[in-house]
A.B. asks: 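The structure follows.
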Amino acid sequence: MKLFQNKKIPYICTPLTGKNKEEITEELRIILPKKPDLVEWRADFLEGIEDEEYVLSIADIISTASDIPILITIRSEKEGGEKIPLTEEEKVNLLSKICKSTMAEMVDFEASNAPDHIMQLRKLSTEYNKQLILSYHNFDRTPSNREMMEHMSRTASFGADVAKIAVMPKSKEDVLRLLEFTKQADDALDIPIVSMSMGKMGSLSRIMGWAYGSVITFSVGKESSAPGQVPIEKLRSLIRSTQEIVGEWG
Ligand SMILES: O=C1C[C@@](O)(C(=O)O)C[C@@H](O)[C@@H]1O
């Protein structure tokens with residue numbers, strides 16, 4: 001499936017953060033009727049992630065539960081994920097198996113991981129027709145535009161299909177700067193960009209980011225996976241109302 005054909009209308013993505021099969025099944029029951037455009041499985045929240053068979057059985061439940069595209073993420077602890085008992089190499093192996101055995105459309109991996117691991121996942125995701133998001137997260141601050149551009153260019157240099165950046169603002173200026181940076185990165189890179197400023201102040205970027213070129217915005221379906229996410233119903237209605245008024249903005 002070709003995602004992000006129409007870059008003007010953002011995909012609303014809703015995370016699954018359940019700790020076990022029962023919680024994930026319940027999240028799917030609540031989230032799917034809300035019709036997100038993308039569902040992210042944050043597998044780092046799963047207890048028992050070291051049990052490959054169990055993980056693959058859950059990946060199968062999620063990817064066959066509906067025809068909504070699935071994004072698989074095992075967020076690393078150093079970039080805001082849960083503490084899990086897998087090494088980076090074990091994580092790559094698990095992601096590779098999930099790519100091989102499920103219908104998931106996308107996989108997310110941090111651009112700060114070892115280049116060999118990124119290349120391994122790039123090769124596999126291409127082979128199995130999954131789009132690769134390479135991401136950068138900073139839960140402390142919003143780095144300078146130059147530093148953020150270096151992160152985005154690094155993702156592009158690895159052949160990512162999508163470059164994503166999530167940063168924490170310390171001021172309103174940081175939120176507005178992130179939005180302007182998104183436009184610059186979208187102009188500079190020839191792959192789709194996803195960006196967000198986190199926290200309450202940063203929520204503005206989740207509502208407005210599409211106007212600056214961000215193609216995915218993360219929202220709450222049942223539980224949030226990062227600070228500042230807006231409930232999906234509210235977010236969709238805000239984006240639709242704004243687009244009705246301003247059109248698709250250029
Ligand atoms: O990278 C991201 C973005 C995010 O951190 C956010 O701020 O909405 C939420 C995560 O689940 C996702 O993997």
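Just follow the structure's listing: the first ligand is 1, and inside any ligand the first atom is 1.
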A.B. asks: Listing request: all salt bridge (charged side-chain N to carboxylate O under 4.0 Å, His left out) pairs with a residue in residues 13-24, at least two apart in sequence or in separate chains.
C.D. replies: Lys19-Glu23
A.B. asks: Heavy-atom count check: over 12 atoms from other residues, nucleotides or ligands less than 6.0 Å from Arg240 CZ?
C.D. replies: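 No, CZ of Arg240 has 12 or fewer neighbouring heavy atoms, counting only those of other groups under 6.0 Å.
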A.B. asks: How would you list, by chain and number, the residues with a heavy atom under 4.0 angstrom from ligand 1?
C.D. replies: Glu40, Arg42, Arg75, His137, Lys164, Met196, Met198, Arg206, Phe218, Ser225, Ala226, Gln229
A.B. asks: Report yes if the side chains of Met106 and Leu38 come closer than 4.5 Å at any heavy-atom pair, otherwise no.
C.D. replies: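 Heavy-atom side-chain distance check passes, below 4.5 Å.
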A.B. asks: When clusters are formed from ILVMFWY side-chain contacts under 4.5 Å, directly or step by step, what else is grouped with Val220?
C.D. replies: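 Its cluster partners, ordered by chain and number, are none at all.
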A.B. asks: For residues 121-139, pull every pair meeting salt bridge (charged side-chain N to carboxylate O under 4.0 Å, His left out), keeping only residues two or more places apart or in separate chains.
C.D. replies: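 Listed by first then second residue: Arg122-Asp161.
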A.B. asks: If you compare all heavy atoms of Thr73 against all heavy atoms of Asp44, which two are closest, and at what distance to 0.1 Å?
C.D. replies: O-OD1, 3.8 Å
